[in-house]
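Start at 1 and go down the list; that is how both ligands and their atoms are numbered. Remember, it's a predicted structure, so these values are computed and weren't measured experimentally.
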Amino acid sequence: MADTERHPFLHGLSKHRGAPPTVVVIFGASGDLTARKLIPAVYNLGFDNLLPADFYLVGYGRKPIPDDEFRALASDAIKEFSRRELNADVWSRIASRTSYVAGGYDEKAAFDKLAAHIDDLEKQLGRDVQRLFYISTPPSVFTPILQNLGASGLAAKHLGQPLHSKVIIEKPFGKDLASARALNETIRSVFEENQVYRIDHYLGKETVQDLLVQRFANAIFEPLWNRNFIDSVQITVAEEVGVGTRGGYYEQAGCLRDMIQNHTMQLLALTAMEPPVTLDAEAIRDEKVKLLKAIQPLDPRAGGDVARAQYAAGMMAGKAVKGYLQEDGISPQSGTETYAAMRLSINNWRWQGVPFYLRSGKCMARRVSEIAINFKCPPGTLFAAGQKFDLAANTLSFQIQPDEGLSLILNTKVPGLETRTQPVKMSFRYATTFGSNTPEAYERLVLDAMIGDGTLFIRGDEALASWTLCTPVLEAWAKAGRAGMDSYAAGSWGPPTSDALLAKNDHVWRQP
Ligand code: BG6
């Protein structure tokens, strides 16, 4: 049964957001992300009838794979990773238009072969299609791919016409300010900015998109959304998983690059930005950039605005877990952080004096991403905290995942013949109201890129604004090596130095 039939709240939602005829080319087609996220996303868009009638999927990778084998790998990926079971009809429609091209990323001739393959598809179809290139490879080959898309004429194809080529670029978008700048320059030498879709998959999450709706479609929040009423804001992106088999990548990245610079900063920008003048991609991204630029430079010294740590051996869900330094592929002297936290000051009219705390880590007590807005306490003239009055500051929290929803902590009278108070939690849960078959972030993002809506993608200047803030911290940490690296037991909520960041302002981390 279609979701709209099951859930009355979904009635009236557009089933056809109008993607034009498209060929999606995935670079890195035999990679992990393709199997786990991209193929299932394409399949679910097909299931929901959101792919254009003229849709083609082309895998591109170094490994020679016959078309049939690539289709079989794709259907295995759907069986293993899709949120819906494989439906033979839906898949056979997509599979009949799925093919594979083998070639190196630095081989111009292979890109010419790809261009000829797409020209053939257009000839068979008897019309042009837009070309959407999805770069889902390790970052070391981003540049040759971009250059060869330029050299083979694929980047400029149909430029100035509605079916122009587009490119989606996966993270990591650079490893610091200089490399992000260089990558932007390479991109701009080949593509125009409106052809470029830089991915941050957090922006595709339903609850992250809902932040805009909650903030700007409800009149009650905006008057309170400032330094007069808000005491502090905490943004947590905690993971239960450790580095697993990704040690090689993670050693080069660390938590600040992997999670804070992108996902957590995006949550911050959407929470704190000014209302955009319209819901256009550019209007929203202008506000996010303004906000990121208003954040004061961070003091990276010990006791300053940042904390970093590695997980040590601990217990998770009743099982003993190794420490980071004992994980496969990790140097015993590693200076890579698996946890990072920071205290930010935003120097604008709305937020001056309100601390924003950000934290993210692996192997933490619970998987949870949330944004908690802590309001100021009312004057204690009537109800002062004490024996009879158990009082809490009002906290509005957006739970991004899991158990997506929104809750508000309020103080309430306990029923009885005397006046006692107790904090209670008022909650809204998406699953209860709308059902739980929420689209995966990648479905929304692939569809938006096909349609040409860049709202949920990062603009080049946005990426740079975030790197401008993070790079001095990364440089200071690289210089310090392991000096100043704290640790936390796997399965805990993080290290003492992170608590100390908040203690300076008499705050404590919430336990979400
Ligand atoms: C990725 C990081 O961007 O996000 C991973 O590279 C992390 O290290 C993942 O595990 C978390 O994403 P999600 O959607 O599971 O919260």
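- Residue Y202 touches ligand 1 through its side chain alone, judged by heavy-atom distances below 4.0 Å.
- Closest to atom 14 (O) of ligand 1, if we only count protein heavy atoms, is K205 NZ, 2.6 Å.
- Tested against E193 for a salt bridge (Lys or Arg N to Asp or Glu O under 4.0 Å), the candidates R285, K166, R459, R188 yield a single pass: R188.
- The nearest heavy-atom contact from the protein to atom 8 (O) of ligand 1 is D258 OD2, 2.6 Å.
- In this structure, the protein non-hydrogen atom closest to atom 12 (O) of ligand 1 is H201 NE2, 3.2 Å.
- To the nearest 0.5 Å, the span separating CZ on R343 from CG on L502 amounts to 8.0 Å.
- Among protein heavy atoms, the minimum distance from atom 15 (O) of ligand 1 is reached at R367 NH2, 4.0 Å.
- Considering R246, E239, Q401, R257 only, the shortest heavy-atom separation from atom 5 (C) of ligand 1 involves R246.
- Near K171, meaning under 4.0 Å from any of its heavy atoms, are these atoms of ligand 1: 1 (C), 2 (C), 3 (O), 6 (O).
- Evaluation of the ring pair (Phe, Tyr, Trp, His ring centres under 6.0 Å) test over residues 445-474, restricted to residues two or more places apart or in two chains, returns Y197-F457.
- Two rings, from F27 and Y134, have their centers 6.0 Å or more apart.
- Below 4.0 Å from some heavy atom of K362 lie the following atoms of ligand 1, by number and element: 5 (C), 7 (C), 8 (O), 10 (O).
- Figure legend: cation-pi geometry between K205 and Y202, with NZ or CZ positioned under 6.0 Å from the six-membered ring centre and within 45° of its axis.
- In this structure, Y105 and Y60 have tilted ring planes: the angle between them lies in the 30° to 60° band.
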